[in-house]
Amino acid sequence: MPEIRRGQNAAASAQEGSLWFPAPPWRQRLRRRLLAWYARCARQLPWRDEPTPYRVWISEVMLQQTQVQTVVPYFERFVAALPSVHHLAAAEEEEVLRLWQGLGYYRRGRQLHQAAREIVRRWGGEFPQTLQQWLSLPGVGRYTAGAVLSIALGKRVPILEANTKRLLARLAAYQQPVEGAAGQRYLWQLAQVLLPRKAPGTFNQAMMELGSLVCRPQSPQCAQCPVEALCRARELGLEQQLPRSNARPRWEQRHEVVLALRSRGQVLLQQRERGEWWAGLWDLPRKQIASARAESAQVAGWARELLGVAGFVPRRCFTAQYTVTRFRVRQQVFQAEVANRRAKLPEGARWFPIRRLDQVPLPSPTQKVLRRLGWWE
DNA sequence: AATCCGGGGTA
DNA sequence: TACCCAGGATT
């Protein structure tokens, strides 16, 4: 099989160092086959039904580092609650975070909110039409700007993200690490060169869709690929080896103490500060410690300091574990019933009725702890 | 240009 | 558990 396919291109790919760019006929074939496939196989996704700038922008921000199926319900709930940039700009940050709760990367939610306010303030709620203007908004980088400009505004602007990076690296049989500077530069150029003048947004989406559904990370489905015959990695039998990426760093162990303080059917929560994980969300009081096992006396001291009152003793409850990015965090959960409460709590701390916890934006690991305590759902 | 940042889902 | 995800911001 490979012998048959190995043609004149094999010689060209053997030269290292010189970058490959497709000739116009190759580009035309790619576009035609890709778009025909997309017309047949595209998934129906809520932001595709009605690709207004607002909806596409919201979806693209939600889709940053987040899988499509995860985003769908969040997207529908979000645009139902806040159907326009004016609604978003007028909303409280806490409402935005509540709609974002569970989706992860909460900075995106806060930046989306800030950007909506800027769009209203700077342009009266009209969406910008240039790459420069989009890039000036918080939470909008080259990918997101390109996606909104091409998909919602019909501009000829390329995109590059996880799916198209992999697809392009294979199509071109690019052998260097795709994360490197040279790789990024090359792949962006390639994305630009391939982009048709007509319906660039459809082309960009089709590339992502093909990368996602067919040109998958492991075991790409080459037999079902509309551009298999154009693929240089396939021609070389390298489709499983590419793209090359850099070695990933190892994980790091951390330890935390968590305080579950209850009083009169209420639980003490603290709002995570900016710069912390889950910034803006509400969370059980939580502190990083150096060792694997917390000293009960120190936990008690911390709890008294937090509340400004004494007369209760947190007891060790259970340990929980969660993983975030490259950190593996082991939590020791301490629980206490607080009888006498002081009126004044530290900045950012509040008592919340346990019955109302479903209305509070909480980090996922905290939800798990609250469930084990029997305090939530 | 390289590094840092940071939630969640799944094979 | 390893690997991946429609990246952005910072230095």
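So you know, we letter chains A, B, ... as the sequences are listed, proteins then strands, and number each from 1.
Nucleic acid contact for A:Tyr106: sugar-phosphate only, since backbone atoms but no base atoms lie under 4.0 Å from a heavy atom of the residue. Using a 4.0 Å heavy-atom distance criterion, A:Thr323 is classed as making no nucleic acid contact. Contacts of A:Gly102 with the nucleic acid, taken as non-hydrogen atoms under 4.0 Å apart, involve only primed sugar atoms and P, OP1 or OP2. Counting non-hydrogen atoms under 4.0 angstrom, A:Trp47 reaches a base of the nucleic acid. Among the heavy atoms of the strands lying under 4.0 Å from A:Arg48 is at least one base atom, whether or not backbone atoms are also near. At a threshold of 4.0 angstrom between heavy atoms, the contacts of A:Val140 are confined to the sugar-phosphate backbone, with no base atom among them. Residue A:Ala162 is in sugar-phosphate contact alone, with no base atom involved, counting any heavy-atom pair closer than 4.0 Å across all strands shown. Nucleic acid contact class of A:Arg166 (heavy atoms, under 4.0 Å, all strands): sugar-phosphate only.
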Practice task
Apply ring pair (Phe, Tyr, Trp, His ring centres under 6.0 Å) to A:Trp57 and A:Phe78, showing your working.
Solution key: CA-CA 12 Å; A:Trp57 171 49; A:Phe78 194 98; 8.9 Å; no
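Side-chain atoms of A:Tyr143 and base atoms of C:dG7 include no donor and acceptor less than 3.5 Å apart.
Contact check, A:Arg108 against B:dG7: no side-chain N or O comes under 4.0 Å of OP1 or OP2. Listed pair A:Thr66 / B:dG7 fails the phosphate criterion, with no side-chain N or O lying under 4.0 Å from OP1 or OP2. Distances shorter than 4.0 Å separate some side-chain N or O of A:Ser364 from OP1 or OP2 on B:dG8. Using a 4.0 Å cut-off, no side-chain N or O of A:Arg185 falls inside it from OP1 or OP2 of B:dA2.
The distance from atom CZ of A:Arg328 to atom C1' of B:dG8 is 15 Å, rounded to the nearest whole Å. Atoms CD (A:Glu179) and P (C:dC3) sit 14 Å apart, rounded to a whole Å. If you measure from atom CD of A:Gln111 to atom C1' of B:dG6, you get 12 Å, rounded to the nearest angstrom. Atom CG of A:Leu135 is separated from atom P of C:dG7 by 16 Å (rounded to the nearest Å). The distance from atom CZ of A:Arg272 to atom P of B:dG7 is 12 Å, rounded to the nearest whole Å. Rounded to an integer number of Å, the gap from A:Arg216 CZ to B:dA11 P is 9 Å. Taking atom CG of residue A:Leu213 and atom C1' of nucleotide C:dC5, one finds them 14 Å apart after rounding to whole Å. Atom CE in A:Met62 sits about 15 Å away from atom P in C:dG8, given to the nearest Å.
Put simply, the side chain of A:Arg234 never gets that close to the backbone of A:Glu239: no donor and acceptor are under 3.5 Å apart.
Comparing B:dA2, B:dG7, B:dG8 by their closest approach to the side chain of A:Ala181 singles out B:dA2. Considering only side-chain atoms of A:Gln218, the nucleotide from C:dA6, C:dC4, C:dA9 that sits closest is C:dC4. Here B:dG7 is the nucleotide among C:dC5, C:dG8, B:dG7 with the atom lying nearest to any side-chain atom of A:Trp278. Nearest to the side chain of A:Pro365, among B:dG8, C:dC5, C:dA9, sits B:dG8. The listed nucleotides are C:dC5, B:dG7, C:dG8; the one nearest the side chain of A:Gln67 is C:dC5. If you check C:dG8, C:dT1, B:dG7 against the side chain of A:Gln64, the one that comes closest is C:dG8.
Stacking of A:Arg272 on the aromatic ring of A:Trp282 is not recorded, the 6.0 Å distance cut-off and the 45° axial limit not both being met. Remark: A:Arg372 qualifies as a cation-pi partner of A:Phe318 under the 6.0 Å distance and 45° angle criteria applied to the six-membered ring. A:Phe327 carries A:Arg254 over the face of its six-membered ring, with the cationic atom under 6.0 Å from the centre and within 45° of the normal.
Residue A:Ser59 is the one, among A:Ser59 and A:Gly139, whose nearest nucleotide of DNA chain C lies closer to the 5' end (criterion: closest heavy atom). The residue among A:Ala182 and A:Tyr105 whose nearest nucleotide of DNA chain B lies closer to the 5′ end is A:Ala182. Residue whose closest nucleotide on DNA chain C sits further toward the 5' end, between A:Arg107 and A:Gln65: A:Gln65.
Looking at A:Tyr143 and A:Gln64, their side chains never bring a donor and an acceptor atom within 3.5 Å of each other.
Comparing B:dG6 with C:dC5, their C1' atoms are spaced 13 Å from each other, to the whole Å.
Taking a 6.0 Å sphere around CD of A:Glu347, one finds it holds 12 or fewer heavy atoms contributed by other residues, nucleotides or ligands.
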